[in-house]
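Right, one structure below, let's go through it.
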Amino acid sequence: MAFLEENHVLYTEHVYEYVEHGGTEVPAQALGVPEHHIVKTLVMEDEARKPLIVLMHGDRKVSTKNLARQAGRKSVEPCKPEVAQRHTGYQIGGTSPFGTKKTLPVYVERSILGLPEIYINGGRRGLLVKLRSADLARVLSVSPVDVALS
């Protein structure tokens with residue numbers, strides 16, 4: 001959230017009871033918002049073990065094959081939790097694309113940018129921040145991709 005404040009992003013905090021392996025369905029129900037508007041931050045790595053972030057709708061999965069192709073990589077796969085934490089500085093379930101330990105390339109499902117507002121992790125489990133998707137694109141160097149699977 002310090003990153004958002006430094007970059008003059010207006011946001012509101014939304015706290016919910018975190019449930020291990022609950023996914024985005026738990027905060028969607030707790031906050032009464034569509035799961036499609038909750039954006040998950042997924043840490044992946046390519047064939048050279050170089051990390052990247054992909055932002056995806058809560059109710060969608062990522063086609064790693066399409067992501068690799070669109071990102072110009074040979075392959076992409078999810079990082080192990082401890083590796084993801086090492087790259088971002090965030091605990092799994094609390095990963096935010098803002099203020100990561102290392103600057104990582106960020107890919108965003110294109111349709112997320114079409115939503116007026118999104119809910120995205122605020123840096124710890126049980127905390128989402130609501131902000132305008134235009135602000136997400138403004139403060140992060142995002143590369144739009146079309147990699148969602150239903």
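Note that the numbering runs from 1 along the sequence shown for the chain. Side-chain atoms are counted along with the backbone in the values below, which use heavy atoms only and exclude waters and symmetry mates. This one's a predicted model, so the numbers in the text were calculated from it and none came from an experiment.
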| request: Group every Ile, Leu, Val, Met, Phe, Trp and Tyr by side-chain heavy-atom contacts under 4.5 Å, then state whether Val33 and Val26 land in the same group. | output: yes

| query | Between atom CD of Glu20 and atom CD1 of Ile92, what is the distance when rounded to the nearest 0.5 Å? | reply | 10.5 Å

| message | Out of the candidates His14, His37, His36, only one should pair with Tyr119 under the ring-ring contact (aromatic ring centres under 6.0 Å, His included) rule; please name it. | response | His14

| field | Under the salt bridge (charged side-chain N to carboxylate O under 4.0 Å, His left out) test, residues paired with Glu45 that sit two or more places apart | value | Arg49

| Which heavy-atom pair separates Ser96 from Thr41 by the least distance, and what is that distance? | C-CG2, 4.0 Å

| query | Only one of Leu55, Ile112, Thr95, Leu128 forms a side-chain contact (heavy atoms from CB on, under 4.5 Å) with Ile120, so which one is it? | reply | Leu55

| task | Report yes if some heavy atom in the side chain of Gln85 is under 4.5 Å from a heavy atom in the side chain of Lys101; otherwise report no. | result | no

| said: Assess, by modelled atom type and distance only, whether the side chains of Thr24 and Glu35 contain a donor and an acceptor separated by less than 3.5 Å. | reply: yes

| message | A side-chain contact here means heavy atoms from C-beta on lying under 4.5 Å apart; do Val15 and Leu127 qualify? | response | yes

| said: Contact between Ile53 and His87 at the side-chain level, heavy atoms closer than 4.5 Å - yes or no? | reply: no

| Below 4.5 Å, heavy atoms only, C-beta onward: do Leu136 and Phe98 meet side chain to side chain? | yes

| query | Do Tyr90 and Leu140 sit in the same hydrophobic cluster, where Ile, Leu, Val, Met, Phe, Trp and Tyr count as joined when their side-chain heavy atoms come under 4.5 Å apart? | reply | no

| message | If I compare all heavy atoms of Pro105 with all of Arg73, which pair ends up nearest, and what's the gap? | response | CG-NH2, 3.9 Å

